[in-house]
Visitor: 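Before I ask anything, let me first share the structure, which is written out below as structure tokens.
Residue numbering restarts at 1 for every chain, and letters A, B, ... go by the order of the sequence lines. The model shown is predicted, which means the values in this text are computed figures rather than measured ones.
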Amino acid sequence: MLGRGCCRLWGESNYTCQRCDSSNFCNCSSMNLVTIPRVLEKVSRLNLSYNFITHIKETDLTKHIKLKVLMLQSNEIQSIDDQAFKSNVVLEYLDLSNNSLIQLSPAWFLHLSKLQHLDLSGNKYRNLGPGRLFSHLESLRWLKVGNAFLSNLKKDDFEGISHLDDFILLGNKLESYEDRSFSSFQNVSHATMNLHDPFQKNQTLAQRIIWDLAPATTHVELRDLEYLSSSDTQLFSLPNNSSVKKYTFRNSSLSDSTIYVLLKNGRNSGISELVAENCAFSGRGEWHKVKNMTCESLISLTIRHISIKQFYLFFDLSFLHGLISHVRTARLTNLNLFMMPCGVSKSFQRLEYLDLRENLLTDLMMKEMVCENSWSSLTYLILRKNKLHSLKKISPILSNITHLMHLDLSQNTLSDVDFCVWSKTLQFLNLSGSQLSTISQCIPPNIEVLDLSNNNIRTFTTHLPSLRELNVSNNKLMYLPGGGYLPNVKILMISGNNLISMSSDEITTFDKLTTLDAGKNHYICSCEFLTYINKYLTHSIQLLNWPENYICDSPLVVKRMIVKNTKRSFFDCHTTLSVTLSCVALCLPIAIVGLLCYKYHGIWYIQMTWAWLQAKRKPKKVRNNNIFYDAFVSYSEMDSEWVENFLLRELENTHPPLILCLHKRDFIPGKWIIDNIIESIEKSRKTLFVLSQHFVQSEWCKYELDYSHFRLFDENNDTAILVLLEPIPKETIPQRFCKLRKLMNTKTYLEWPEDEVEQQIFWFNLKVALKGEENIRGHQ
DNA sequence: CCTGGATGGG
């Protein structure tokens, strides 16, 4: 209440509504408005419904000359100025329903020659005014008038109206009706009358209204009738000049007597279509008196959503034979129908279309319903949402309907499907929503359109050469149905399954495929799949619900992405290539390092470093106490002849003999060669290097040289003695033997001469070099 | 011969 109070004030101070879109539709519904707001002048559709507008002023809508649709329903409009719609000459749609208008004025509509749709229902007027309300509405096609207060209709009320698609009169409280009030009506396609009180209290009045209407309308619909008594036996009869072909009862309560009167009086009125919808029926089908009546005009019967309290007490309706024998279309749905006796089935001898959905039919009752010659013309049968369980039982029964082409068994619980018999004429079969998990044994081989949606089918491999359309949506299929078995399928619906992929190979087996719905599956968005579906499939067939329903399920990086927008990276898409490239990227540095190692003798350097570290770790004293040899001779194998023939003989035969360590002779077998070298050098006082070109080539010699070099620097003892067997120019020594170069620079070396006299001097010098230090140290 | 439905997350 506070809100309303506040906004009434706001509204009076020129409230503006700016909720307009690009098509000049302004939606000002439910804004607590109390007056017509200021709004875009070029507005073409204006919704002002569900506000608190009480009055429409003459000036409110004068500027809105382009207004075509004006919705003012559910306000509190009590009055409208006579000239209020004067400028709205292009207005086509005006809804003034559910307001509080007490009086209607013909002046409002004087200029609305384009108005097609007018709703004046649900106000407080008791009559349609003194003037001729609708006489200028030459374009009117839809009219709803009346309310719970309308008490009388008089002769000129509808003057000017001749053709309407729909005419709805709310006259539940109508008390008086002046004859020929509908005399201007020439062709009203559908006239809906809510005439509760007239039918209840004054059936003559009701009768006069219907009789007046009957020559001008093809479809009469009666609403809100309630358990009519049949005191007036003329009820529902129609005049000879009636145009009525269709009679509808809606939202009414009917009894046995109502139906009996209707059947009795209606059968000769030329009605071809009878509809009862959303009604309550209190009787038990006690219409025996119609037994010998016939009705050749009735060809369509619709009885839908009827609450029948005593449905289980219903009579066998075989006495209806003559009334239903010409019916071609029957919809008997949502009626608690549990049975149609064989006799009634037989009476429907011209029935082509029968809809029995939402009833209580069982396998057993089907047997009773389909007897010899029942429904002998039937081609279309709907048994959706009943209590059928076994295809094994009902398929042979239904195969007796000799012309059946179209059968809908959807939404039953069909568990027993191991064996079926079908009519050869059957072309359309609907088994959706039936909890089926296997079906292959139960599909008619010549079927053309098959709906198996909403089941639990995991595999589909049936051979169906005539099949044109297949709907297997919402099942558990992981693969497309075996393509080769379905050569004529044009339309395939397989959304909501467990498909993980679709490949060109699978799709191309359906040569005739034009339309495919494969959304809502669990696609693995591989590169092949993405390429195929995005670049080829979408261009070759009509893909329904594309792209919004095609979502990637995996891999994780693209989960929940729309297939159309999903792109995979180069590395994802070329796995072999990228693995190869990674391997190359990983192996190349290793190879390069390896190559560099080889080229620059890395391993040798590593070994050296390791050996050096080893040597450094050993305590010095232990070394001195373990002197065992006078000299360790380091030489190349190529120089072994000189070492063994000359050096060994000369030095070991002196007095006292010098003890030499030769790797050939003194190395401990089985020990690692580097350990041997280190140990031997450590056990020797001096290291004698026999230098030659060969020596430089041999790695071990380099190593020995280096180790001795460590000792040289570590212990400051002059252990290395160099003997040159042949001249080695310094340039020929490889770069990495910088130590040898240094050694040769810093130490004097002995050269092996060719001349024998000079050789004697050489030996002498060598012995001095080997022994000299011994004298200084005074050891041993 | 339109009047229909189910749907998952790891």
Visitor: Ignoring backbone atoms, test whether Y353(A) places a side-chain nitrogen or oxygen under 4.0 Å from the OP1 or OP2 oxygen of dC2(B).
Guide: no
Visitor: Check every atom of dG10(B), dT7(B), dC2(B) against the side chain of K520(A) and return the nucleotide holding the closest atom.
Guide: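 Selected nucleotide (nearest to the side chain): dT7(B).
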Visitor: Take atom CG of L301(A) and atom P of dC1(B), then tell me their distance rounded to the nearest Å.
Guide: 19 Å
Visitor: Could you work out which one of dA6(B), dG9(B), dG4(B) sits closest to the side chain of N454(A)?
Guide: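 Minimum distance to the N454(A) side chain belongs to dA6(B).
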Visitor: Do S432(A) and dG4(B) have a side chain to base donor-acceptor pair shorter than 3.5 Å?
Guide: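 Answer is yes: a donor-acceptor pair is held.
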Visitor: From the options dG4(B), dT3(B), dC1(B), select the nucleotide whose nearest atom is closest to the side chain of D451(A).
Guide: dG4(B)
Visitor: Round to a whole Å and report the spacing from CG of L378(A) to C1' of dC1(B).
Guide: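 Distance check: L378(A) CG to dC1(B) C1' gives 12 Å.
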Visitor: Please give, in whole Å, the distance from dA6(B) P to Q411(A) CD?
Guide: 7 Å
Visitor: Counting only side-chain N and O atoms of R331(A), is one of them less than 4.0 Å from OP1 or OP2 of dC2(B)?
Guide: no
Visitor: Counting only side-chain heavy atoms from C-beta out, which of dG9(B), dG5(B), dG4(B) sits nearest to S453(A)?
Guide: dG5(B)
Visitor: I need the CG-P distance between N498(A) and dG9(B), as an integer number of Å.
Guide: 13 Å
Visitor: Expressed as a whole number of angstroms, how long is the span from N497(A):CG to dG5(B):P?
Guide: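 So the two atoms are 19 Å apart, to the nearest Å.
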Visitor: If you look at every strand shown and take non-hydrogen atoms under 4.0 Å, does N334(A) touch a base, only sugar-phosphate, or nothing?
Guide: nothing
Visitor: Grab the CE-P distance between M493(A) and dT7(B) for me, whole Å please.
Guide: 18 Å
Visitor: Would you call R284(A) and D256(A) a salt bridge, taking side-chain N to carboxylate O under 4.0 Å as the test?
Guide: no
Visitor: N412(A) CG to dG5(B) P: how many Å, rounded?
Guide: 15 Å
Visitor: For a quick check of understanding: with a heavy-atom distance under 4.0 Å over all strands, which category does S473(A) fall into, base, sugar-phosphate or nothing?
Guide: nothing
Visitor: If you count heavy atoms of other groups shown closer than 6.0 angstrom to NE2 of H163(A), is the number above 12?
Guide: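 Yes, the 6.0 Å shell around NE2 holds more than 12 heavy atoms from other groups.
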Visitor: dG9(B), dC2(B), dG4(B): which one has an atom nearest the side-chain heavy atoms of N430(A)?
Guide: dG4(B)
Visitor: Measure from CG on D355(A) to C1' on dC2(B) and round the result to the nearest Å.
Guide: 11 Å
Visitor: Check the orientation of F338(A) and F311(A). Use parallel for under 30°, tilted for 30 to 60°, and perpendicular for over 60°.
Guide: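 Rings of F338(A) and F311(A): perpendicular, as their planes differ by over 60°.
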Visitor: Between R350(A) and E352(A), does a salt bridge (Lys or Arg N to Asp or Glu O under 4.0 Å) hold up when you go through it step by step?
Guide: CA-CA 6 Å; R350(A) 309 226 175 150; E352(A) 292 163 12; over 6 Å; no
Visitor: Can you say whether the rings of W287(A) and F281(A) are parallel (under 30°), tilted (30 to 60°) or perpendicular (over 60°)?
Guide: perpendicular
